[in-house]
Structures are given as structure tokens and as C-alpha cells.
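Heads up: the structure comes next, in C-alpha cells.
Note that the numbering runs from 1 along the sequence shown for the chain.
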Amino acid sequence: MGALMMSTAADNEPQPPQPQSAWPTPPLGGWTADDLDTIPGLPPHAEMIDGGLFLVSPQTVFHMTTLRLLENALVSQAPTELFVVREMTTKLDRRNRPEPDLMVVPDSAVSAPRQTWFDPEDVRLAVEIVSDDSVERDREVKPRKYAAARIRHFWRVEENDGKPVVYVYELDPSTRTYAVTGIHHDRLKLSVPFDLDIDLAPRRRGGRADTEPGGTTAN
């Protein structure tokens with residue numbers, strides 16, 4: 001009997017507060033694309049797809065060097081009226097705000113220093129470099145959504161034996177779907193969305209990819 005009373009007394013004692021979850025809790029009805037700027041505690045480069053949040057995994061050397069290679073080439077070869085955007089979002093609709101690795105937009109689309117997203121109507125090119133945790137999104141989900149938003153040019157970049165392979169797509173405006181126009185292994189030479197000539201396999205020195213502007217290999 002005494003043991004039962006002691007147990008009952010212990011049950012009635014105040015319990016320490018339980019730790020709160022560090023994960024943000026969506027509101028009734030879910031998040032919208034506008035919420036992405038205000039959700040507390042999100043790490044950098046979070047993106048929203050169908051109202052859900054996706055966080056990036058630790059970056060790999062392949063992803064870093066390929067992103068640097070393509071960004072440098074686009075910056076050096078794009079017409080002066082275009083602006084190359086790295087790791088910023090595009091607001092496709094109310095519940096979709098993905099973050100391509102690279103975008104090319106007109107200078108006129110840059111409206112303010114604290115701007116955090118671009119309208120898909122302004123995106124001339126979107127580039128996704130596939131990571132292990134983003135294969136399905138980058139191969140299926142994002143291309144479908146970019147095409148529906150009428151982003152005309154899309155590149156998907158994948159690793160093959162440590163080297164980048166660029167799958168180039170162009171929008172069929174009548175169906176709002178992408179058609180593949182080329183698969184590029186060693187050299188990416190295009191005339192749309194503007195003239196480009198990129199060496200995809202630059203020589204490395206000291207563990208780094210040493211390239212001249214335009215992605216050509218340094219001597």
C-alpha cells in the first residue's frame with residue numbers, strides 16, 4: 001500500500017518541460033512561397049516544392065567545382081545585358097519556390113539589393129547540378145515545374161566518372177514540356193540561349209580546377 005501511495009505521489013509531481021522541436025511547424029493550410037523568407041531557423045539554401053521544405057546536404061567537391069566552372073563560363077560569355085545568378089530562388093507559383101544552382105536573367109530583373117527571388121518569366125536559363133539527395137527532384141520534379149512555368153532553357157548536370165555531363169533541354173511552348181537537344185560530355189558548345197563554348201574537363205592543379213574566363217583550360 002505504501003509503495004502504491006509513493007508511486008501516486010511521484011506521478012503527481014511536476015515534470016520537467018519537454019524540449020521543443022527545432023523543426024518549424026507549418027501553419028494551418030501549409031506554407032506558401034512567400035513564407036520562405038520569414039520561416040525561423042531555416043538553414044541557407046532551403047527551397048520549397050509543393051509547399052514542403054527541402055534542405056541541402058553537405059556540398060561535394062564535384063558540385064563545388066562544377067558550379068564554379070559553369071558560373072565562371074556563364075559570367076564571362078553571357079551578353080552584357082544578362083545577369084548570372086547563383087543559388088537564389090525563383091517563385092514559380094504560390095507553393096513552389098525552388099533554388100536552381102544557377103540562373104541567367106536580364107539585368108532589369110535585378111530590382112533591389114535585398115531581393116531574394118526572381119520571376120520565372122525573367123529566367124532565361126536554369127541549371128541544376130544533381131546531388132545524391134536530389135536525383136528525383138532534379139530529373140523529374142523540377143524540370144516539370146520549370147517547363148510549366150515556361151522557363152525556356154534548362155540544363156541538368158550529372159557526374160560521370162568524376163566529370164560533368166550536361167543534359168541540355170529546350171521548351172516546346174505548345175506542350176510546355178522540355179525536349180532534350182543535346183548531351184555534352186567534354187565540351188558544351190551552344191548557340192542558345194546565347195553563344196557558349198565551355199570546356200567541361202579543365203585540367204587541375206593542386207587539387208583545383210584552373211580555368212581561364214569562359215571555362216577554357218589555363219596553360
Is there a side-chain contact between Leu70 and Thr66, using heavy atoms and a 4.5 Å cut-off?
yes
Would you indicate whether the side-chain heavy atoms of Pro98 and Thr90 approach each other to under 4.5 Å?
yes
Any chance you could lay out the side chain to side chain contact (heavy atoms under 4.5 Å, CB included) test for Leu69 and Asp199, step after step, and finish with the verdict?
CA-CA 9 Å; Leu69 169 68; Asp199 178 5; over 6 Å; no
Less than 4.5 Å apart, any side-chain heavy atom of Glu47 and any of Asn96?
no
Any donor and acceptor pair, going by atom type alone, linking the side chain of Arg150 with main-chain N or O of Arg176 inside 3.5 Å?
no
Strictly below 4.0 Å, N to O, side chains only: are Arg187 and Asp197 in salt-bridge contact?
yes
So, do Leu92 and Ile151 sit near enough that their side-chain heavy atoms are less than 4.5 Å apart?
yes
Assess the residue pair Leu102 and Val85 against the criterion (side chain to side chain contact (heavy atoms under 4.5 Å, CB included)); give the C-alpha distance rounded to whole Å, side-chain angles, the decisive distance to 0.1 Å, and a yes or no.
CA-CA 6 Å; Leu102 293 166; Val85 180; over 6 Å; no
Taking Arg139 first and then Glu158, would you say they form a salt bridge - that is, a charged N and a carboxylate O separated by under 4.0 Å?
yes
Thinking salt bridges, do Glu128 and Arg156 make one under a 4.0 Å N-O criterion?
no
Flag side-chain contact, heavy atom, 4.5 Å: Val127 against Met103:
no
Can you tell me if Arg86 has over 12 outside heavy atoms packed within less than 6.0 Å of its CZ?
yes
Taking atom CG of Leu125 and atom CZ of Phe194, what is their separation to the nearest 0.5 Å?
6.5 Å
Main chain of Arg137, side chain of Ser134: is a donor-acceptor contact present, judged purely on distance under 3.5 Å?
no
Could you pull out the closest heavy-atom pair between Val141 and Ile49, with the gap in Å?
CG1-CG2, 3.8 Å
Does either side chain, that of Thr116 or that of Arg97, offer a donor lying less than 3.5 Å from an acceptor on the other one?
yes
Could you verify whether a donor N or O on one side chain and an acceptor N or O on the other, from Ser191 and Asp195, lie under 3.5 Å apart?
no
Side chain proximity check, Val180 to Val168, heavy atoms < 4.5 angstrom
no
Relative to each other, are the rings of Phe154 and Tyr178 parallel, tilted or perpendicular (30° and 60° limits)?
parallel
Strictly distance-based, threshold 3.5 Å: is any side-chain N or O of Glu140 a donor or acceptor partner for the main-chain N or O of Glu136?
no
Are more than 12 heavy atoms, taken from residues, nucleotides or ligands other than Gln59, located less than 6.0 Å from that residue's CD atom?
yes
Testing the 3.5 Å rule here: is there a donor-acceptor pair between the side chains of Thr177 and Asp172?
no
Please assess Val192 against Leu190 for the test side chain to side chain contact (heavy atoms under 4.5 Å, CB included), listing each intermediate value before the final yes or no.
CA-CA 6 Å; Val192 291; Leu190 303 171; 5.5 Å; no
Trp31 and Ile39, any side-chain heavy atoms less than 4.5 Å apart:
yes
Tightest non-hydrogen contact, residues Ser76 and Ala73, listed as OG-O, 3.1 Å
Lys/Arg N to Asp/Glu carboxylate O, Asp34 vs Lys91, below 4.0 Å:
yes
Working to the nearest 0.5 angstrom, can you tell me the gap between Glu99 CD and Phe54 CZ?
13.5 Å
Does a side-chain heavy-atom distance below 4.5 Å link Asp107 with Leu82?
no
Set of side-chain hydrogen bond (donor to acceptor under 3.5 Å, both in side chains) partners for Asp50, sequence neighbours left out:
Lys145
Contacts of type side-chain hydrogen bond (donor to acceptor under 3.5 Å, both in side chains), residue Asp35, not counting sequence neighbours
Thr32
